[in-house]
Amino acid sequence: MPTIRSRSVLGPERRAEAWRRLSEETFDVVIVGGGVVGTGSAVDAATRGLNVAMVEARDFAAGTSSRSSKMFHGGLRYLEQLDFGLVAEALHERELSMTRLAPHLVTPLKFLFPLTRRFWERPYMAAGFVLYDVMGGAKSVPPQKHYSRAGAHRIAPGLREDVVVGGIRYWDTLVDDARHTLTLARTAARHGAVVSNSTQVIGYLRDGERVTGVRVRDAETGAETDVRAGVVLNAAGVWTDQLQRMLGDEGGFTVRASKGVHIVVDRDKVDSEAALILRTEKSVLFIIPWGEYWIIGTTDTDWQLDLAHPAATSADIEYILGHVNSVLTEPITREDVRGVYAGLRPLLSGGADSTAKLSREHAVMTVAPGAVVVAGGKYTTYRVMAADAVDAAVAEMGERAEEVPSSTTERIPLMGADGYPAMVNRADRIADDYEIREEQVEHLLGRYGTLTEEVLEMAADRPELLEPLAGAERYLRVEVVYAAAAEAALHLEDVLVRRTRISMEYQHGGVACAREAAELMAGVLGWDAGRVEREVGLFEQRIAAEEASQVTESDDEADRFLRNVPEAREFLTDTSFDPAVAEPVVAGSVAAD
């Protein structure tokens, strides 16, 4: 099998080298958290010329950053809250990612807003869409367009004519959040950052009052080491408070977790050529095209249980079905649901009774000499959050701060973006060269961009790797091998949940292809038959627990199912914190955006 030699290749050899460097070097900044903000901060700091390390307890994007609504969106609903600054900022970032930074991962998406109220709703919503367009929503995509009832029905024949009285078309974008976050991690590595997943923070290092680094544990082997740094940046999302308590300080703000649940159904269940957005009593509901499926969500409820594995309940699913079926001619049933996933939003807590009222804006604070925290925000504005966080970290560097350049990430495309339009134009030739179908090349281009041929080259002496994965035929077997060899995948769930999206795209949740995928990974990671059995068994347990949770009525009951499944990472410690204990509890940082 061809060997790829690049700093951005995150395979077994690179992980061993990362552990050595973590133990031996002193870094300018160590970033805790491998979600979109942590990986984005690593890119920001590395491209300023800083010596950077980023550690993640589980897997890149294992938390919030793989469980979003799959959009870079301007936050249309925040206009109603008069949060114009956040909307303008988000629209700028959306445009930047769509046109320059990651056009292979962030793509335009047409929406229809169905109008269901006569007289007042059209002018009310039109005013909001005008603001949206003026603030940047119509920079490289068309502006809003209004439709009558008949016009709206032509775009979305599946909408009820007795409910929908018209519609407004506008544009946002679609993104595979997990792959985008992974690409940020690899981009940071390409620019010199040390990035290491399965590396859990278990304590802070101090010299008097100043924080001088962190102590970490390898969640795969149990080995421990000290990582020394001038500044520690906490980018741990919903785990922010737990990490802060390890310092023994309360910090200046707290983060509250809000659970958002999405369901996945076949494309023929909603007859529409555009994505849809519906108003609800709390927020909005998105109906998003995702390959051969629709993603429908989300909910917005307080969550105070296991942060690593938020559980969807029957009530969550019924809430989504109730709202979407209120406008569809053919209702979606529970039997139509192919997949379900739940994620947590890290909201800055301001004492609001409802998580829907908490801020999506971010905050950055120096909580102790040498310790910076970034929290809040939304996926779309990750780059701004990262720049602000690194600015605060640089300010902690004393006299050297004046020598550090400002953020350059507006001008730095992510891996796979350079030359992407040209590669799209020769998709047919790539298909001929590798003897695969053109639609398979298009699928790869939307996941890897200009790294597509690097992926395909891994099958140069193993043509069987260009065959589809049994049970998940939209993916090639070589993608599993590449995930283990170049994308830091250490466990079966890393591949089936995040490197691919098989777990949410197929009704079997990945179980039907788990063994084949594990055996492909084994060849790269050196697993024996016993390890293959363990990986398959744990994955099957996880999927079964998720399915069991989805027929429960309460969060507590659903949470118990998921808590009973052992972690794939054997030496990962519990991240819970008991507020009744006066002393800080040593808890790990599990990254989220």
Side-chain angles (χ1 to χ4, degrees), residues 12 34 56-63 65-67 176-179 182 197-198 200 219-221 262 264 306-312 337-343 468-485 487-551 558-572 590-591:
E56 155 61 35
R58 284 182 167 81
D59 185 28
F60 303 122
S65 297
S66 60
R67 309 175 191 182
D176 185 329
D177 48 6
R179 291 211 59 82
L182 170 69
N197 55 347
S198 282
Q200 182 178 28
E220 303 298 325
T221 67
H262 295 77
V264 182
D306 184 13
L307 298 178
H309 303 291
V337 177
R338 285 198 167 272
V340 181
Y341 66 92
L469 190 64
E473 286 75 12
R474 283 179 293 281
Y475 293 90
L476 301 180
R477 303 175 85 220
V478 72
E479 295 183 74
V480 176
V481 174
Y482 187 79
E487 296 183 331
L490 299 174
H491 294 278
L492 182 59
E493 69 173 59
D494 299 347
V495 171
L496 298 183
V497 178
R498 289 173 291 277
R499 303 305 182 279
T500 70
R501 306 321 293 268
I502 290 171
S503 67
M504 79 174 192
E505 292 177 353
Y506 290 85
Q507 199 156 21
H508 56 70
V511 171
C513 60
R515 184 166 300 279
E516 182 180 359
E519 289 172 349
L520 289 167
M521 294 179 70
V524 178
L525 300 178
W527 293 350
D528 59 17
R531 178 62 184 271
V532 169
E533 289 299 326
R534 179 179 184 273
E535 291 287 332
V536 173
L538 286 176
F539 183 78
E540 290 176 345
Q541 286 183 60
R542 177 70 59 193
I543 296 301
E546 289 179 355
E547 292 175 349
S549 75
Q550 292 158 18
V551 297
D559 181 67
R560 282 194 292 272
F561 277 108
L562 295 182
R563 279 185 184 269
N564 286 333
V565 181
E567 292 282 358
R569 290 165 165 82
E570 292 184 71
F571 294 91
L572 191 72
V590 184

In terms of side-chain geometry, is the basic nitrogen of [X] or [Y] positioned less than 4.0 Å from the acidic oxygen of its partner?
X	Y	result
E487	R498	no
E533	R515	yes
D528	R534	no
R531	E535	yes

Exercise: identify the closest heavy-atom pair between [X] and [Y]:
X	Y	value
A312	V340	CB-CG1, 3.6 Å
L490	W527	O-CZ2, 3.3 Å
A518	V532	CB-CG1, 3.9 Å
L492	A517	CD1-CB, 3.7 Å
A545	V565	CB-CG2, 3.6 Å
Q541	P566	OE1-CD, 3.6 Å

So how far is it from [X] [atom1] to [Y] [atom2], rounded to the nearest 0.5 Å?
X	Y	atom1	atom2	result
H508	C513	NE2	SG	5.0 Å
D494	T500	CG	OG1	10.5 Å
D559	N564	CG	CG	9.5 Å
E479	L520	CD	CG	11.5 Å

*Should L469 and I502 be marked as a side chain to side chain contact (heavy atoms under 4.5 Å, CB included) after you check the CA-CA gap, both sets of side-chain angles, and the distance that decides it?*
CA-CA 10 Å; L469 190 64; I502 290 171; 3.8 Å; yes
*Any luck finding a side-chain donor-acceptor pair between R499 and Y482 under 3.5 Å?*
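Not at all, the side chains of R499 and Y482 share no donor-acceptor pair under 3.5 Å.
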*Between H309 and E567, does any side-chain donor sit less than 3.5 Å from a side-chain acceptor?*
yes
Any side-chain heavy atom of [X] within less than 4.5 Å of one from [Y]?
X	Y	value
E220	E570	no
L562	R542	yes
R67	P310	yes
V524	M521	no

Hey, is the main chain of [Y] close enough, under 3.5 Å, to the side chain of [X] for a donor-acceptor pair?
X	Y	value
S66	A61	yes
Y506	V511	no
R58	Q200	no
E547	A544	no

*Evaluate the side chain to side chain contact (heavy atoms under 4.5 Å, CB included) criterion for residues N197 and H491: first the C-alpha distance (whole Å), next the side-chain angles of each, then the deciding distance (0.1 Å), finally the verdict.*
CA-CA 11 Å; N197 55 347; H491 294 278; over 6 Å; no
_Q550 vs F561, test: side chain to side chain contact (heavy atoms under 4.5 Å, CB included). Steps then yes/no._
CA-CA 10 Å; Q550 292 158 18; F561 277 108; over 6 Å; no
_Derivation of the side chain to side chain contact (heavy atoms under 4.5 Å, CB included) call for E516 and V480_ = CA-CA 10 Å; E516 182 180 359; V480 176; over 6 Å; no
*Just say parallel, tilted or perpendicular for the rings of H262 and Y341, cut-offs at 30° and 60°.*
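Ring orientation of H262 relative to Y341: parallel.
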